[in-house]
Amino acid sequence: VSGWDWSYAFRILPELSRGLLTTIQLTLAGAVLAMSIGLLFAASRRSSFAPLRLGVGLVVEFIRTTPLLVQLYFLYFVLPNFGIVLSAIMTGVIGLGLHFGAFISEVFRAGIAAVPRSQWEAATALHFSRFRTWRSVVLPQALRVVAPVLGNYIIAMFKDSALLATISVVELMARAQLIGAATYAYFVPFTIVGVMYFAVSFVASFGVRTVERRMAVASR
Amino acid sequence: LTYLSQFSDGLSVTLEIFFTAAGIGAVLSIVVAGARLARPPLVRRVAWMYVEFFRGVSALVLLFWVFYALPALGVRLSPFTAGVVALGVYISAYGAEVVRSAIAAVPDTQREACVALHFSGRQRYRHVIAPQAFAIALPSGGNLAIELLKGTSLVSLVTLGDLTFHVQILKASIGHSTGLFTALLAIYFVLGLFITTATRLLERWATRHLRVTPRRGPARRIADPTTAL
């Protein structure tokens, strides 16, 4: 079995499309979790309580320098030893959320640092509560600055979600592998999958760049 | 303790892949960055497509495509070759952007100074632009090196015996996974720290060469080429 076969390609297309849909859903779930974790980490690293600040800093550094693949294995194979049994999909989303949350926390940190000190002072002067200061003064401005970078990380997460196939989540990559294994013809499914990953991330990064340009114009 | 030999076997394979792929990636990065800055529009377009394409596919998909799909086109690569080619090409798409923006970040005045001193194009790159661009590219380059190190764990999925692969085998043979995977994460973290430290040292070395403050004292006489004849 070799070369390109259109009828075969069309026959497996619906199944691969379902895989793509799963991958996109996983990415969205992972993105929500990663942003929450990122915000939590970023806020902890501004804490006045030194052990929290330094501890979270170390955790972020550790997560950022170790491979996502190994982190997924760790969550999938080691957590059950401690009585925490999660489904493969849950494990995968948590893995993506933690890994990219660590990266995103650095993005948030930069964004928060970019909010002028006078804004904090104004919030204090207006007697805003700490929650209100974050919610209606700091975060809206910080998010605006970091939105494009955030978008790029979500695209990276979309691409890396292919790793979830290794812990038996049946997303796009896993479906291609299953099809390939059943027919011993990997060329067609893997090529289609490659094109799918490329098409989605290319369009998405084009969107991110457009938003970036608009914002650059708007802030001028 | 008998597991130690497995770990060291895996470690040497991981390092071998890392350095080979880094070499391929660095060379390709420079070539592609050069092509993106070249005059002919066609060369520039092709280089742009290269960068966009390889940044758009995921490393795992690229690796699997090279390893499982290319044989259908008659190209059969060993797991090692497939691994280093896929990782090297993948990282070079990011590396090319780092090199390109580093070259662009060298101030225009430096280029103008070269023109004023009548440097040839080769001299200009060799003595003026390359050393400065290198220093500018180092921090991002170091980050990419860490990404590449993390990426090497993917080769365990195409049956190559790196660290991650050996740990998987050990897990299957001895059962308890907690210590194994913790150790594995720790090893990658330590390797990453090595890269960070190496980048920082290189950075210090590279910038020390650049920050040459002019010495006080009488200006040295410069031989005038027209009178030297």
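Chain letters run A, B, ... following the sequence lines, proteins first and then strands; every chain starts at 1. Side chains included, hydrogens not; waters and symmetry mates left out as well; all remaining heavy atoms used.
- Neither the backbone nor the side chain of B/Ala59 comes within contact range of chain A, judged by heavy atoms closer than 4.5 Å.
- Atom CZ in A/Arg64 sits 8.5 Å away from atom CD in B/Glu147 (nearest 0.5 Å).
- Both the backbone and the side chain of B/Thr178 come within contact range of chain A, with heavy atoms under 4.5 Å apart.
- Taking CZ of B/Phe67 as the reference point, atom CZ of A/Phe190 lies at 10.5 Å (rounded to 0.5 Å).
- Of the atoms belonging to A/Thr191, heavy atoms from both backbone and side chain fall under 4.5 Å from chain B.
- Ranked by heavy-atom pairs under 4.5 Å with chain A, the first of B/Leu184, B/Leu163, B/Leu70 is B/Leu184.
- Per-residue heavy-atom pair counts under 4.5 Å with chain B were compared for A/Phe82, A/Phe74, A/Phe202, and the maximum is reached by A/Phe74.
- The 12-atom threshold is exceeded at CZ of B/Arg111, counting heavy atoms of other residues, nucleotides or ligands nearer than 6.0 Å.
- Counting all heavy atoms, side chain and backbone alike, A/Met173 lies closest to B/Leu60 at CG-CD2, 4.3 Å.
- The environment of B/Arg76 atom CZ is sparse: at most 12 non-hydrogen atoms of other residues, nucleotides or ligands sit within 6.0 angstrom.
- A donor and an acceptor atom, one from each side chain of A/Asn81 and B/Ser177, are located under 3.5 Å apart.
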Are B/Phe64 and A/Val193 close enough, and set up right, to give a side-chain contact (heavy atoms from CB on, under 4.5 Å), and what steps lead you there?
-> CA-CA 11 Å; B/Phe64 274 23; A/Val193 163; over 6 Å; no
Can you check side-chain contact (heavy atoms from CB on, under 4.5 Å) on A/Val70 and B/Tyr188, steps first, answer last?
-> CA-CA 9 Å; A/Val70 181; B/Tyr188 277 110; 3.8 Å; yes
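- For the pair A/Lys159 and B/Gly56, the tightest heavy-atom approach, listed with the atom from each and the gap, is CD-O, 3.3 Å.
- Heavy atoms closer than 4.5 Å to chain A are found in the side chain of B/Ser156, but not in its backbone.
- Expressed to the nearest 0.5 Å, how far OG of B/Ser58 lies from CD1 of A/Ile155 amounts to 13.5 Å.
- Around atom CZ of B/Arg44, more than 12 heavy atoms belonging to other residues, nucleotides or ligands sit under 6.0 Å away.
- Considering every non-hydrogen atom in both A/Thr66 and B/Phe189, the closest pair reads CG2-N, 3.8 Å.
- The candidate with the highest count of non-hydrogen atom pairs below 4.5 Å against chain B, out of A/Glu61, A/Met196, A/Gln177, is A/Gln177.
- Considering CZ of A/Phe77 and CD of B/Gln168, their distance stands at 5.5 Å, rounded to 0.5 Å.
- Shown here for A/Gly194 and B/Val57, the closest heavy-atom pair between the two residues is O-CG1, 3.8 Å.
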Check the pair A/Leu163 / B/Leu154 against side-chain contact (heavy atoms from CB on, under 4.5 Å), numbers first and verdict last.
-> CA-CA 9 Å; A/Leu163 289 178; B/Leu154 300 182; 3.2 Å; yes
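- No more than 12 heavy-atom neighbours from other residues, nucleotides or ligands sit within 6.0 angstrom of CZ on B/Arg200.
- Shortest non-hydrogen contact noted between B/Ala72 and A/Phe187 is CB-CB, 3.5 Å.
- We find the CG-CG distance between A/Leu69 and B/Leu157 to be 5.5 Å, quoted to the nearest 0.5 Å.
- Residue A/Phe158: no heavy atom, backbone or side chain, is found under 4.5 Å from chain B.
- Proximity to chain B involves both the backbone and the side chain of A/Gln71, based on heavy atoms less than 4.5 angstrom apart.
- A distance of 10.0 Å separates CZ of B/Phe54 from CZ of A/Phe198, quoted to the nearest 0.5 Å.
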